[in-house]
Amino acid sequence: MSDEIILIDGNSVLYRAFFALPLLSNDSGVHTNAVFGFTNMLLKILEEKDPSHILVAFDAGKTTFRHETYKEYKGGRQKTPPELSEQFPIMREMLDALGIKHYELPQYEADDIIGTISKQADQDHKRTFIYSGDKDLLQLASDYVTVGLTRKGITEIDEYVPDQIKEKMGITTDQVIDLKALMGDKSDNIPGVPGVGEKTAVKLLNQFGTLENVYENVDEVSGKKLKEKLINHKEEAFMSQQLATINRKSPIDIKVNDLSYEGYQSRDVIELFKTYGFKSLMGRIEGSDEAVEREEITFEKVETFTKDIVSPEGNYLIMEMLEDNYHIGGLLGFALVNNQGHYYIPTDVALNSNDFISWIEDENSHKVVADVKRLKVALKWKGINLQGVDFDLVLASYIANPSISYHDLPSIGQGYGFNVASYDEEVYGKGAKQSIPEEEVFSEHIVRKGIVAQKLHHSLSDELKSNEQEDLFYQLEMPLSHILADMEYKGVQVDVDRLEDMQQDLSERLDKIEEEIYELADQSFNINSPKQLGKVLFEDLGLPVIKKTKTGYSTSADVLEKLQHEHEIIEKILLYRQLGKLQSTYIEGLLKVVHDDNHKIHTRFNQVLTQTGRLSSIDPNLQNIPIRLEEGRKIRQAFIPSKEDSVIFAADYSQIELRVLAHIANDEKLIAAFKEGKDIHTQTAMDVFNVNEDEVESLMRRHAKAVNFGIVYGISDYGLSQSLGITRKEAGKFIEKYFESYPGVKAYMDDIVQQAKRDGFVETIMNRRRYLPDITSRNFNKRSFAERTAMNTPIQGSAADIIKKAMIDVMEQLNQTDIRANLLLQVHDELIFEVNKEDIEQLEALVKDAMENTVDLDVPLLVEADYGTTWYDAK
DNA sequence: TCGAACACGC
DNA sequence: GACGTACGTGTTCGAT
């Protein structure tokens, strides 16, 4: 235990939590989101700080001593929403269960209680942490007292000690009160000096130190208007100062010693968590395993595998491997669960058994697994061909709820109320401390996973059925998983010599540029460090500061481009960055993951990650190999066919998202444009700018393209303004004009948001869902984001569905021919193959046909294809 | 070990 | 009226 004291501003945190989280309620309709958020934060504090003393202070009642000074104090505040009010008593109940003291004092606010106790603690030199969402509390920071302010959500905390306050706000702790006295605070209805905002207030305090000094030397204040304002509102300023000052001598009847924290009774907490449906917090309660009575299990260790233990019906098969990367990981063991029993099968027993292998390869023997692709690829590396899997729980979990971040069996189980298996991290540890426990513990763990799998099967298949997602699951994701497994296992051939040549060339050029940069900067420094680079550019060379990040100067490419003409060092830095990126991420990164024996790369496609239904690719990411700039594009010359007589063949959908949009929105003009085979960006420019085709200038087309891009990716007017380098207003106008030109699109956008509000989710043409709880949030940002997501996801997600279906169609048709081709990669709207030179034309015809006709939309789908001796040449 | 900043693709 | 804005993966730096 640490001997730290934790003081929490209960009102502030509960408010924050309420607005930060969607309005959850438990089964009986009581709202619990704020209590959930607060409790989550408390558990985190208890876990991380392990404090000796802890107190949650609340405001008491409506009026306080401050109202005697100023009866409008906190006037004009929105009334506390009833959904929040009802959570205060629940929160107190929760605190009692957690054994955490809470306190309130009539006529005083939580701040004052905290201020008074922290003063005692400070005098006694005791480490104290204060948590609040209210910046005012910063005035309490000292050498012993740290103030933690909630950020964004509420479990993310920014901790402030006096130095950081100085750094971030430009003033000292002692000046926090005077800052507020000058600038006021709208939310508390503290007037301050009208016309003085944060900037001016900081400037004044930096010049004069204190409010009192400002007024003593008011003649020295620069600016006639400012001086007048200060003088005219002196009274308000000093009253504001009084209001903003936390009372550190409140008549409280508790002492630090009364706040000692002795832990909680797990049973009470779990009871309460159950009542309010806080399932996801359950695992963080000490001893919750016993308390929720995780069922006892029995199982048998298989010494010799025979087919009698296989059931003719469902078999739940678990394969365990510690490594994420199943291309290189080692098998640790198997578990089999079915209606006959629970079995642990050691790896050597399994792999040395012909019965086991023939069972795995028997397509008529039904198996349910978690992550079929992982299992399939791992077994392929052992020469075993997995078949007969008719349900993948991980894929099903992703379809049912794409937003959850962990689709592993114990987590999925928790979500459906099956607390049978421990999390891997609990059994194996994590990071450097990861290890495999003794066989007894290990085998029970994986058998438990099998039992969870068995329990989950029905829940998930029911859910897919009731959501009408069975086709999406059985006809799309399941078959796709097998195709991806083959792609990953076969790998992509890499020309290692070529990469090494590039590496050599690049490192020489980088050395040279590095020297030139040092020369121009008149010093050597780490160019890769934004911090050091920022100092050199903006302090030593005195270049104008365009943008700041929260830690210092921004040195991002768009900032540097604006400085191009200021100093010749800039273009060198941009080039250094560009080449450095190629060197480290692409050349060295790829060389690191090439298999030495055959010079192949085996990526992994994550099929259960993105919220839209797209795939992602890791270790390495082969979906972001450079193409835009020639220099980077050359990397693609290192991707070659695995056989001498073959070429790389690439087929990509032209404008698939915009075509999908035309279809979904049923917009006449957009549909017509695609039917007539128009260049869509030129057409958009014509419609938006009201000009003829021959009047479309390149800038107009560029703008139109950016708007189309924005529509597809769901960016805002701000995002568009950034990408075009124009103002937000202008960007807003473009979007407005776009909607006028395409009323069908506008109607769709309005409709889909309404639909999302009504249903709580949006869906793609193949019924893939994305749930959008924030669509009704009172937080403008969250709501806006959810609205843009509602508009964008059906477009991007349907496009993802289409190419996935195309992959299945292509492979099905390909398997019925003699075409010698392998599908290698999918990059969102394109498919990359390697194909025997003699079969190129056949493949092109087949692929183009399959891709263009995989679905029937109101607009044609167009596929463009090309091939060459390397990926670079297939453009 | 982790977050921030940056850069690559779609 | 301010908020702070597409999604992924990977690298490097620098604080912990």
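The figures that follow rest on heavy atoms only: side chains count, while hydrogens, waters and symmetry mates do not. Only a predicted model underlies this, so the values are computations on that prediction, with no experimental measurement involved. In what follows, chains carry the letters A, B, and so on, assigned in the order in which the sequence lines appear, proteins first and then strands, with residues in each chain numbered from 1.
Ionic pairing of A:Asp324 and A:Arg604 is not present here: no N-O contact between side-chain nitrogen and carboxylate oxygen is shorter than 4.0 angstrom. Residues A:Lys634 and A:Glu630 are paired through a salt bridge, judged by an N-O separation under 4.0 Å between the basic side chain and the carboxylate. A salt bridge does not link A:Glu852 to A:Arg659: none of the charged side-chain nitrogens sits closer than 4.0 Å to a carboxylate oxygen.
Taking atom NZ on A:Lys634 and atom P on B:dC8, their separation rounds to 16 Å, with Å as the unit. Atom CZ in A:Arg636 sits roughly 13 Å away from atom P in B:dC8 (whole-Å rounding). Atom NZ of A:Lys550 is separated from atom C1' of B:dG3 by 9 Å (rounded to the nearest Å). Atom CG of A:Asp774 and atom P of C:dG4 are 15 Å apart (whole Å). Separating the CG atom of A:Asp558 from the P atom of B:dC6 is a distance of 9 Å, rounded to the nearest angstrom. The separation between A:Ile711 atom CD1 and C:dT5 atom P is 20 Å, rounded to whole Å. Whole-Å rounding puts the A:Glu630 CD to B:dC8 P distance at 15 Å. Atom CG in A:Leu615 sits about 12 Å away from atom P in C:dG8, given to the nearest Å.
Residue A:Ser784 places no side-chain N or O under 4.0 Å from the OP1 or OP2 atom of C:dT5. For B:dG9, the OP1/OP2 oxygens have a side-chain nitrogen or oxygen of A:Arg628 closer than 4.0 Å. For the OP1/OP2 pair of C:dC7 and a distance below 4.0 Å, the side-chain nitrogens and oxygens of A:Thr610 include no atom meeting the criterion.
A:Arg636 has its side chain out of reach of A:Lys875: every pair of non-hydrogen atoms, C-beta onward, lies at least 4.5 Å apart. Proximity of A:Met502 to A:Tyr586: side-chain heavy atoms (C-beta onward) are nowhere separated by under 4.5 Å.
Contact annotation for A:Leu582: no contact, since no heavy-atom pair falls under 4.0 Å across all strands. Contact annotation for A:Val712: no contact, since no heavy-atom pair falls under 4.0 Å across all strands. Counting any heavy atom pair closer than 4.0 Å across all strands shown, A:Ser554 reaches sugar-phosphate atoms only and no base atom. Across all strands shown, A:Ser716 has heavy atoms under 4.0 Å from base atoms, whether or not it also approaches the sugar-phosphate. Across all strands, A:Gly632 comes closer than 4.0 Å to no nucleic acid atom at all (heavy-atom distances). Residue contacts for A:Phe785: at a heavy-atom cut-off of 4.0 Å it reaches the sugar-phosphate backbone alone, with no base atom in range. Among the heavy atoms of the strands lying under 4.0 Å from A:Arg577 are primed sugar atoms or P, OP1, OP2 only; no base atom is included. Contacts of A:Gln796 with the nucleic acid, taken as non-hydrogen atoms under 4.0 Å apart, are absent.
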Could you pull out all donor-acceptor pairs under 3.5 Å where a side-chain atom in residues 714-722 of chain A meets a protein atom, sequence neighbours excluded?
from, atom 1, to, atom 2, distance (Å)
A:Ser716, OG, A:Tyr718, N, 3.4
A:Ser716, OG, A:Gly719, N, 3.3
A:Ser721, OG, A:Tyr718, O, 2.6

Could you give the side-chain donor-acceptor pairs of residues 527-534 of chain A under 3.5 Å, partners two or more places apart or in another chain?
from, atom 1, to, atom 2, distance (Å)
A:Ser529, OG, A:Lys531, N, 3.4
A:Ser529, OG, A:Gln532, N, 3.1
A:Gln532, OE1, A:Asn526, N, 2.8

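Taken together, the paired segments of DNA chain C that extend over three or more consecutive Watson-Crick or G-U pairs, each closer than 3.5 Å at both contacts, are B:1-9 with C:7-15.
Closest approach to the A:Arg788 side chain among C:dG8, B:dC2, C:dA6 is made by C:dA6 (side chain taken as heavy atoms from C-beta onward). Residue A:Tyr713 places its side chain closer to B:dC10 than to any other of C:dG4, B:dA4, B:dC10. Nearest to the side-chain atoms of A:Leu609 among the listed nucleotides C:dG8, C:dA6, B:dA7 stands C:dG8. In the set B:dC10, C:dG8, B:dA7, the nucleotide with an atom closest to the side chain of A:Gln611 is C:dG8. Distance from the side chain of A:Asp829 is smallest for B:dC10 among the nucleotides B:dA5, B:dC10, C:dA6. Ranking C:dA6, B:dC6, C:dG4 by closeness to the A:Asn781 side chain, first place goes to C:dG4. Side-chain atoms of A:Pro626 lie closest to B:dC8 of the nucleotides B:dC8, B:dC10, C:dA6.
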*When every nucleotide of nucleotides 10-16 of chain C is labelled 5' to 3' by its protein contacts under 4.0 Å (heavy atoms), B for base, S for sugar-phosphate only, - for none, what sequence of letters results?*
BSSSSS-
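With both ends at atom C1', the span from C:dA2 to B:dA7 equals 30 Å, rounded to whole Å. Nucleotides B:dC8 and C:dA6, compared at atom C1', are 15 Å apart to the nearest Å.
Partners of A:Asp829 by salt bridge (charged side-chain N to carboxylate O under 4.0 Å, His left out), not counting sequence neighbours: none found. Residues passing the side-chain hydrogen bond (donor to acceptor under 3.5 Å, both in side chains) test with A:Arg374: none are found, sequence neighbours excluded.
A 6.0 Å sphere centred on NZ of A:Lys705 holds no more than 12 heavy atoms belonging to other residues, nucleotides or ligands.
Checked by distance alone, A:Arg728 brings a side-chain donor or acceptor within 3.5 Å of a matching partner on the base of C:dG4.
Ring planes of A:His595 and A:His327: perpendicular class, angle over 60° (limits at 30 and 60°). The aromatic rings of A:Tyr553 and A:Phe538 lie tilted to each other, with the angle between the two planes from 30° to 60°.
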